[in-house]
Amino acid sequence: MSMTAELLYFLASVLFIIGLRGLGSAETARRGLLISEVGMAAAVAGTLLHPDIVTYKWILISAGVGSAIGIAMAALIPMTKMPERIALSHSFGGLAAALVGVSEYSLHHQTVAHSTMGALGFEVLFGGLTFTGSLMAFGKLQGFIPGRNITYPFQNQSNIAMFAGTALLLVLLTIWPSVQFFFYLMFFVAMVLGVLIVIPIGGADMPVVISLLNSYAGLAASATGFAIDNNVLIIAGALDGASGFILSVVMSRAMNRSFGNVLFGAFGKADASAVAALAGSQEIHEATIGDAAMLLSSGQKVIVCPGYGMAVAQAQHAMQALAERLEAEGIEVKYAIHPVAGRMPGHMNVLLAEANVPYDQLKEADEINDEFAEADVALVVGANDVVNPAAKTNPSSPIYGMPVLNADLAKTCIVLKRTMNPGFAGIENELFAMPNTVLVFGDAKDTLEKISQALA
Amino acid sequence: MSMTAELLYFLASVLFIIGLRGLGSAETARRGLLISEVGMAAAVAGTLLHPDIVTYKWILISAGVGSAIGIAMAALIPMTKMPERIALSHSFGGLAAALVGVSEYSLHHQTVAHSTMGALGFEVLFGGLTFTGSLMAFGKLQGFIPGRNITYPFQNQSNIAMFAGTALLLVLLTIWPSVQFFFYLMFFVAMVLGVLIVIPIGGADMPVVISLLNSYAGLAASATGFAIDNNVLIIAGALDGASGFILSVVMSRAMNRSFGNVLFGAFGKADASAVAALAGSQEIHEATIGDAAMLLSSGQKVIVCPGYGMAVAQAQHAMQALAERLEAEGIEVKYAIHPVAGRMPGHMNVLLAEANVPYDQLKEADEINDEFAEADVALVVGANDVVNPAAKTNPSSPIYGMPVLNADLAKTCIVLKRTMNPGFAGIENELFAMPNTVLVFGDAKDTLEKISQALA
Amino acid sequence: MKIAVPKEVREGERRVALVPESIARLIKKGVEVVVESGGGAQAGFADDAYRAAGAGIIDSRAALLGQADTVVQINVPVADTVAAMRPGATSTSLLFPLAHHDLVRELRDKQLTSISLDRIPRTTLAQSMDVLSSQATVAGYRAVLTAAQHLPKLFPLLMTAAGRIDPAKVVILGAGVAGLVAIGIARRLGAVVEAYDVRAVVKEQVESLGAKFIDVGTQADAQTAGGYAKEVSEDFQRRANEVIAGHLAEADVCITTALIPGRPAPRLVTAEMARRMKPGSVIVDLAAEQGGNCELTRADQEVVDNGITVLGPTNLPSDAAKDASRMFSRNVEKLLLYILKDGRLDIDFAKEIVRGCVVTHEGKIVDTQVAESVGA
Amino acid sequence: MKIAVPKEVREGERRVALVPESIARLIKKGVEVVVESGGGAQAGFADDAYRAAGAGIIDSRAALLGQADTVVQINVPVADTVAAMRPGATSTSLLFPLAHHDLVRELRDKQLTSISLDRIPRTTLAQSMDVLSSQATVAGYRAVLTAAQHLPKLFPLLMTAAGRIDPAKVVILGAGVAGLVAIGIARRLGAVVEAYDVRAVVKEQVESLGAKFIDVGTQADAQTAGGYAKEVSEDFQRRANEVIAGHLAEADVCITTALIPGRPAPRLVTAEMARRMKPGSVIVDLAAEQGGNCELTRADQEVVDNGITVLGPTNLPSDAAKDASRMFSRNVEKLLLYILKDGRLDIDFAKEIVRGCVVTHEGKIVDTQVAESVGA
Amino acid sequence: MSHEMFLGLYVFVLAAFVGYGVIGGVPPLLHTPLMAFTNAISGISLVGSLVAAGAEHTTFSTALGFIAVLCSSINVVGGFLITDRMLKMFRKRGGKNA
Amino acid sequence: MSHEMFLGLYVFVLAAFVGYGVIGGVPPLLHTPLMAFTNAISGISLVGSLVAAGAEHTTFSTALGFIAVLCSSINVVGGFLITDRMLKMFRKRGGKNA
Ligand SMILES: NC(=O)c1ccc[n+]([C@@H]2O[C@H](COP(=O)([O-])OP(=O)(O)OC[C@H]3O[C@@H](n4cnc5c(N)ncnc54)[C@H](OP(=O)(O)O)[C@@H]3O)[C@@H](O)[C@H]2O)c1
Ligand SMILES: NC(=O)c1ccc[n+]([C@@H]2O[C@H](COP(=O)([O-])OP(=O)(O)OC[C@H]3O[C@@H](n4cnc5c(N)ncnc54)[C@H](OP(=O)(O)O)[C@@H]3O)[C@@H](O)[C@H]2O)c1
Ligand SMILES: NC(=O)c1ccc[n+]([C@@H]2O[C@H](COP(=O)([O-])OP(=O)(O)OC[C@H]3O[C@@H](n4cnc5c(N)ncnc54)[C@H](O)[C@@H]3O)[C@@H](O)[C@H]2O)c1
Ligand SMILES: NC(=O)c1ccc[n+]([C@@H]2O[C@H](COP(=O)([O-])OP(=O)(O)OC[C@H]3O[C@@H](n4cnc5c(N)ncnc54)[C@H](O)[C@@H]3O)[C@@H](O)[C@H]2O)c1
């Protein structure tokens, strides 16, 4: 490697790390991104100096086409399709790593060193697995493949067996690098495994899996680095691998599931029992604390709709603390007080006064109902009947004609409640199934406190 | 290096990192410590395998004596002398690094490679600087050397010039490694520089400096690693170097000073104007948010003494939030309500009820005064006259004979106030200068919120 | 259509059924409103304010009633009023038809349409028309004030140079609307509050206000489908009372609000229980009109027995006449707007709310429960 | 030494100067206590409770006063009481000697030692003996309750199905002890509170209770060394009143507590300012006895003018007689314990507190300010 | 294990720790952008692909390299752009905690 | 710069980032123990000293090594012990947030 390339790689590594650290807070994130982009440019520049490269023709064409596709995808895909996009992208990443491995192997399988072979094997294994696994995840999210978890007998056992099989093949390959059959078989089994691992996983848990596949993609890149002795690949891959792994652990913990469940698809069942039962016939969107925090903090105007659940959870102080935090970030917070929220006249007033919410933030339904359309977030804290749009739209509903809070008109509606149980009036609430509504299940006080922490 | 040694070093490096990460929370800290100890053992074991070692005689004697001293120091030095001990210890560390460097140079100065020479030079430079700098810090803290900041004209300029001088010598040395004069001159100047850097720094800022010297000690160790091509030294040194540096930045930020001030001793002057004026004739102990948080969380029983300052700061909600956090950690919190705290009868009651402090946590002075002796911490939140021990001890005081809260009897007393101004009665309060009292200056609400955050 | 608002004739009544604000909104919907001169004076609404809102002011009560298509009042109409109304007109007021058989017959015979505001069904939709709730809100607030006014001690905990003043202990029996509001207000004033109700769902509601629910052993669950309470067995009540007695002995204030629709008020505090309270304690019994939850209660009298003051105010909302009138008026306004069609009342029995509250119409008692009870 | 506690003779007074609790503690210090029969009854302290505490109960007032070494009362002694006392005995009560010259002369001539509780210096040390503070605390609390009781609207903000009830706006003029307590209580009841005082330090204190300080442009700083207010120029007062008038026009309740020791109460609310308030508004004037802060105030009467109710209660603490007596008693107890030496009162003029509160002693007016004022 | 490989291991482990440590500091609020971001970074396999595509060893390897470059560059370009788009949602504000 | 040295640089920089990252996670409450702890870790210069003391190249170098080992071992042993003593102050508790 030339000194210039070496320096460029070193620079790229440092820039990646600094860039990634920038993600530590919303203010520095974009700068971090820019720094990483420079790092990537440095790494590419370093590579283009590589003496083995004899023509830039193919590179230019493929990179040009790839960039065009990338730009198009970034510009056209709506924000709500983010998980799908990331999944698809991982599958590209996995494929790229696998193909580089195959290409290397095809050239050097006679001469390759044992240790290099190990690295190459890893690369292809993880690359293949990521490729098909991510493709499956994408398909599920897009609805091409049934989103519900698919289970069959001995699912975990067979997956574990297959995993052991690929591991064994890898070992064999490291010992006898030249046996091509082992290599291609391993590649194939890894790809099958990718499919099987993702099949049993339900839609709600997909983000965890995607993050895990991200981690695998990183490991594949690291393995490439070992194979071609390139530190920047090792480092970037390790950054990805570790952060993706931890992120999936963090996310599964936030969903109150052990990570073991995630790895072995067993939580597909927990999913079936808990979330599905919750949702009843409705197709709802469950969100994590992090999602809720992001939605809240990325808005400019939040309207809180408190209800009886806030009173039950005695969440008024937690709500006020969250509002203070949002206001400190320059976000406007108002409370929409429905006249019959709670169980006695003025129930919300009594509680919010106790929590020292300034009177001028409290707005009556009539007064604020027009503002929902401009609000970024309607935060429904343990309210149900008073935000039920059926009162406006469904003449056969027992509450038809009652004025309700227009929480459904806000750009996003975040609902905090414990279960899918109905409120006082005992009727279903279609707000919960609307496309711009997300639900965060749990005691409202607890949830609000966690959201505050996430924003800290 | 033998494969065994290599593996042991690798293991040690990983264990150090894991151990250091353990310090991230109070529960895992001790486990982290243990892990690092194992790491240290592995590193030492790996070193003892070194082929150059021909006799263990000197090693055993010196390590034995050193360990004995270490044990004695750890056992005998009181907790309150911790900064002194750490400073002294740094000076040992700096000396060790410098001496290893000198010894290496004395052996190889004819043959040493340029790059290795650079590393050796760094080692000696930082080692020497740390050695004398830490010794000075120790002396100041112990009172051997005047604690107040010592200043003289062109202080910063001359320090910068000397620093430039040593850097120049280092460069020269890297170019002409065999010129012993450069080497020893650099060593000498570094030691002088250590003294001069610390001289202008006042007592209150010493922790920042000690942490910075810690960082220098780490860099010296890293340089040793480069010189003898040993990764574990590089890693452990870098860990120290980075963490010490960041810690000193964090600490100076917590004191509302820019880190630039710290590096150039200029804040000795800020110190003179602010803290000294605050203290008046009293010798007080200022504490950081972190200290306060540590004291609070390491106790089992905290008695809060609120006063008019809590009302002025409208800190009742922040106080209640902190109390909740402490209680969640199993610490008992009570409020001692003095009958004339505040400016109207029942002032504290009105405010604490607003913050929803349960009535049964509020205790009258008579009721709780005997409990102070068993309390780990008395947290005085903007109270002054009502905790003034002069009422008990000083017959000539205008408040002599008034019952006061026995905050002075708690193991530690933490006082939150903004300045050293007296309270309503306009008299000095000797509680503030007692050896078991620390003061945290600032608006009470702000301070309480920060302490809560530190405990999060 | 002409709506008439006569002055209330009940003794001590200071409220008025419609306030200028509501009248202005009603007039926009194309109705005419006339108000008896001085009708709102005691609630703080002068004739001028009514005129400004577009209402006519009429001095003669007879003339007012005679020309009205709809008469809106708060209290149960007196015979004179009914007599003065035009046949076919509508009377809107509290009516409690199950307790006023003669009056119902009179209304029927006079071909009046009578809307009984107390019988508006307690559905989510009808809450904005529910005068019982709105007036109970005011009553709950005033009950606490009345208790505080009569209590020779302070409500909040105060630790002062002149010693420690313990917080008042308040026990609230019956936690419907008035009871819950009283809990909230008493807590705000700094009292330590405990509450009891015979309906099991109330426990959560009481706790949602930060008060303690009194556990009487086995909690009854005496809730009817309509959300009201039903009577419990004597035996159960006795056992519950024993527990309550213990809490009362520690209490400074007891506010009782327990009611069962159409039945005499349950006896929750016997004379003996009351006398075991601390001297100076105060009982405010909101069920006085229905016979009282406390044995010592005498409606609208201040009874002092063994140093315990027992109050049985029957018209607390009138004490906060301004806000109480506003709320009542808003309820009636919502109801009228709901029933109005093309400027006149449209008594459409397809509507659940109309079915619930219209008692007599076109010479018939249309409410079957009332018809049965009246026996005609 | 024998301490006597006669029944209070002031009309409407329900408090008692010493409660059983305090008496028990005093008796432990070796004094004897006798109480007039029924003396504490109206405050909720029965004769039995006094007996249990160790006090003697005496029916005859004359006998009681005649045998006492020290008579402890709340209100300024009446001539009869002074006449009935033994020469050389001590009278402990409120006295306001600057306003009662004849009484002071009588006390002097009868060789009585008189302790004027209202003249206890306001030092940190003496706070536990400061009856003005303790009774002002009760007065502040009761002032808010009285206002709430008379206000035809609710205090807290409520958003209900029957519309929005705005919070009551309360303006408090004079933020000494009573004013500050009133701020705290009114805020707890949910009102929006603004306050004004002529002393500049009070701004921070008002804000420390979460209320808003009314800014009258240039804030006076009329604080004397003793912490009391002094009179401000007429011109200043007029300008301040203009600002206050604006705030009053928006207010539902005004509570005034402004006093300057020894001077008539400052006129903060003119008749015109009061009449510009909303109909139904309530003014509670705690300075009624000193002529009132409001021009319309008549001591102990309820004046209704233009729909505004003006109350001038002069003895609010008596309305919470139990707690007020407890606090008063605790203050007196602390004072007596401070002066007692070997079971008798030791009038030691070296002590600042004694110097402050003893007016006559051994046939002389010992307080120079009083002596000057009495002109002897 | 070769000494080279061993040093690679050091680098790998240290980098993994860095990655691990960084996540601790990322607020949940940024988890989704983080995923997109690391996705972009994993496009570093471009470095491997470029050589494969440009070396013209065999047609097979060139073809694979070509596809790999295509895939990786989609990731790099698309990933960075989309992360940026997401982060733009967090407007800058005047708030004190911002 | 030699390739060795270069790899050392990678290791150094990565380790520094690890150290940097760790501090972010340490609550202010543990800052003092942390200082004692890193002080102990900086006793790693023992590794260098041991060779100097045991190699017996020259008396000068051995003597320096001897002193260096002495100093470093004070740091290592004392540092670890004292950190432990400090951390023991944080009793384990049953609290939910503990
Ligand atoms: N205001 C009055 O005067 C009055 C009087 C009587 C009746 N009502 C009636 O009460 C209703 C009031 O509407 P509303 O929207 O306030 O309440 P609601 O419709 O009863 O809904 C309350 C919601 O809070 C949730 N919840 C309960 N506990 C919770 C907790 N600890 N944490 C988080 N969520 C919790 C419940 O869902 P989960 O159980 O799934 O958590 C439920 O969806 C109306 O129907 C009204 O007619 C009002
Ligand atoms: N309770 C009553 O009825 C009553 C009535 C009148 C007078 N007093 C008198 O008031 C005094 C009460 O004693 P106390 O101990 O409560 O109060 P204090 O002696 O007046 O002391 C208040 C302390 O709070 C501090 N402080 C003020 N604002 C602060 C803020 N924003 N943040 C943090 N600290 C703040 C002040 O120091 P910095 O300025 O340095 O921050 C001061 O040391 C007694 O002397 C009593 O006699 C009481
Ligand atoms: N539309 C609505 O949703 C709406 C509106 C207002 C009230 N409500 C409901 O109507 C119900 C009654 O309201 P209300 O305030 O008019 O009640 P109420 O005045 O009729 O009765 C007061 C309370 O007394 C209780 N009680 C009866 N017998 C008792 C006994 N023996 N011991 C103890 N308590 C006893 C009742 O349970 C009730 O809570 C409640 O469920 C309330 O939530 C519903
Ligand atoms: N020992 C102590 O420390 C102690 C105890 C109690 C009271 N105090 C102090 O004594 C002072 C007075 O207490 P108080 O409640 O008995 O007062 P007060 O009853 O004598 O007077 C009430 C208030 O009216 C104000 N006032 C007078 N003229 C006014 C005007 N023209 N406009 C507006 N406001 C006017 C006064 O400033 C005072 O705040 C306060 O400073 C109080 O803090 C001290």
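All values derive from a computational prediction rather than experimental measurement. Below, chains carry the letters A, B, ... as their sequence lines are ordered, and counting in each starts from 1.
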Colleague: Just give me the residue among Val340(A), Leu362(A), Asp366(A) that pairs up with chain D most often, heavy atom to heavy atom, under 4.5 Å.
Modeller: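 The answer is Leu362(A).
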Colleague: Would you name the heavy atoms of Cys294(D) and Ala274(D) that are closest together and state the gap between them?
Modeller: SG-CB, 4.4 Å
Colleague: Measure Glu354(A) against the heavy atoms of chain D and call it side chain, backbone, both or neither at under 4.5 Å.
Modeller: neither
Colleague: Answer yes or no: does atom CD of Glu367(A) have more than 12 heavy-atom neighbours from other residues, nucleotides or ligands under 6.0 Å?
Modeller: yes
Colleague: If we ignore angles and hydrogens, is there a donor and acceptor under 3.5 Å between the side chains of Gln135(D) and Arg15(D)?
Modeller: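 Yes, a side-chain donor-acceptor pair sits under 3.5 Å.
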Colleague: Just checking Lys203(D): does its NZ atom have more than 12 heavy atoms from other residues, nucleotides or ligands closer to it than 6.0 angstrom?
Modeller: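 Result for NZ/Lys203(D): open.
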Colleague: Measure Asn356(A) against the heavy atoms of chain D and call it side chain, backbone, both or neither at under 4.5 Å.
Modeller: side chain
